[in-house]
Amino acid sequence: MGSIHLNKVSKVFGDLKVIPSLDLEINEGEFVVFVGPSGCGKSTLLRLIAGLEDLSGGTISIDGNDVTNAPPAKRGLAMVFQSYALYPHMSVRKNIAFPLKMAGEDKATIDKKVEDAARVLNLTDYLERKPGQLSGGQRQRVAIGRAIVRQPTAFLFDEPLSNLDAALRVTMRLEISELHHELGTTMIYVTHDQVEAMTMADKIVVLNRGNIEQVGSPMELYNHPRNLFVAGFIGSPKMNFVEGKDAQAFGAPTIGIRPEHLSYSSSEGAWKGKVGVAEHLGSDTFCHVHTENSGTMTLRVSGEAGLKHGDTIYLTPEESRIHRFDDKGLAIA
Ligand SMILES: Nc1ncnc2c1ncn2[C@@H]1O[C@H](COP(=O)(O)OP(=O)(O)OP(=O)(O)O)[C@@H](O)[C@H]1O
Ligand SMILES: [Mg+2]
């Protein structure tokens, strides 16, 4: 249950081709993340799957059944939005129970399902409160609870954590991953945050202007980005790119090297530069090194490394970790 197949799906708004033509296979029980820059069509794609938008072309099937023209309620999916969309005048209990009540389930069944969901989401103590008396994270858990009780074939999340502060985002990220392990239900999760994509996904779909740039596991995308777009999008801090003579020395028009795959020395190396800003995170330090010929490069060193602003150093890429790209920006195998 919960396999979703998109076949040549397209979407046009007026003159704007938001999704030209897209094929995608989502397997039963998978945690799939759609990631990409703002406006690339992530929400549109999710809404097409949910049935909240009509397709301009192509087909969608769920568990082998064509649902292209099925209304949202008939697709068995549950969607969770960034803006919680809770009823402010109803208690947490009533908010979670709402879809069950609409479906005409009896009170005993509703109570049991609501209490089960509340337990999974640590909301048991809050069932009688109103949404206004909850924190942002708790409100988002209520919205997730309302999705859980419907026992959907798949959950669709659209940037559910972007209204939360950084610390709470990390906690909720773990909770949603935990929930996925517990329920085993297919989840599609939209975000523009590549860290969320890397940490949560079984499978990441990198979108750019409505096209899929690459599909793969987090480590596949990290180790083998297909092109410059994916290379620059996945990984934090970003991959460094070198062009021209300095890249040709390594056998390609453009090379990429991640900050964690550069080493430094005070006496020799491939690229000479001066340390600019050093960002101390405690565990790691990110040094922005202004090189003589290859622009500014980011170097990741341990928090204990004593590099400071103004130091002259030489950077050397780890040979086996160099990514080579042709003049069209495609990875050279
Ligand atoms: N109803 C609509 N009518 C016209 N254009 C739309 C409509 N909905 C979305 N668009 C356009 O489609 C493109 C994709 O929008 P979408 O909301 O899917 O992007 P997104 O990847 O979710 O972006 P974000 O990260 O900012 O949420 C945008 O250019 C947007 O302006
Ligand atoms: Mg969006």
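When a residue number appears, it is its place in the shown sequence, counting from 1. Ligands are counted one by one from 1 in listed order, and the atoms in each one are counted from 1 as well.
Nearest heavy-atom pair, Q138 versus L123, reported as atom, atom and distance to 0.1 Å: O-CD2, 4.0 Å. Closest approach of F241 to G256, counting heavy atoms only: CD2-CA, 3.9 Å. Closest heavy-atom contact between P99 and V149: CG-CG2, 4.0 Å.
Considering backbone and side-chain atoms together, C40 places an N or O closer than 3.5 Å to an N or O of ligand 1. Not a single N or O atom of H192, backbone or side chain, sits closer than 3.5 Å to an N or O atom of ligand 1.
In terms of protein heavy-atom proximity, atom 28 (C) of ligand 1 is nearest to G39 O, 3.9 Å. Taking atom 27 (O) of ligand 1 as the reference point, the nearest protein heavy-atom neighbour is S43 OG, 3.9 Å. From the protein, the heavy atom lying nearest to atom 15 (O) of ligand 1 is T44 OG1, 3.7 Å. Closest protein heavy atom to atom 26 (O) of ligand 1: S38 OG, 2.5 Å. Among protein heavy atoms, the minimum distance from atom 11 (C) of ligand 1 is reached at L16 CD2, 3.9 Å. Of all protein heavy atoms, the one closest to atom 25 (O) of ligand 1 is K42 NZ, 2.8 Å. The nearest heavy-atom contact from the protein to atom 6 (C) of ligand 1 is F13 CD1, 3.3 Å. Looking from atom 12 (O) of ligand 1 to the surrounding protein, the closest heavy atom is V18 CG2, 3.2 Å.
Between E292 and K274 no salt bridge is recorded (no basic side-chain N to carboxylate O distance below 4.0 Å). Comment: D116 does not engage K113 in a salt bridge, judged by the lack of any side-chain N to carboxylate O separation of less than 4.0 angstrom.
Taking the six-membered ring where the residue is Trp, F98 and Y87 present tilted rings, their angle falling between 30° and 60°. Between Y222 and H261, the ring-plane angle classifies as perpendicular under the 30° and 60° cut-offs.
Proximity of atom 31 (O) of ligand 1 to the protein is not indicated, since no non-hydrogen protein atom lies closer than 4.0 angstrom.
Side-chain atoms of E196 never come within 3.5 Å of backbone atoms of R173 as a donor-acceptor pair (strictly under, hydrogens ignored).
Distance check for T44 against the Mg ion (ligand 2): none of its N/O/S atoms falls below 2.8 Å.
The shortest heavy-atom distance from G36 to ligand 1 is not under 4.0 Å.
Atom CZ of F31 sits about 8.0 Å away from atom CG of D202, to the nearest 0.5 Å.
Below 4.0 Å from some heavy atom of E159 lie the following atoms of ligand 1, by number and element: 25 (O).
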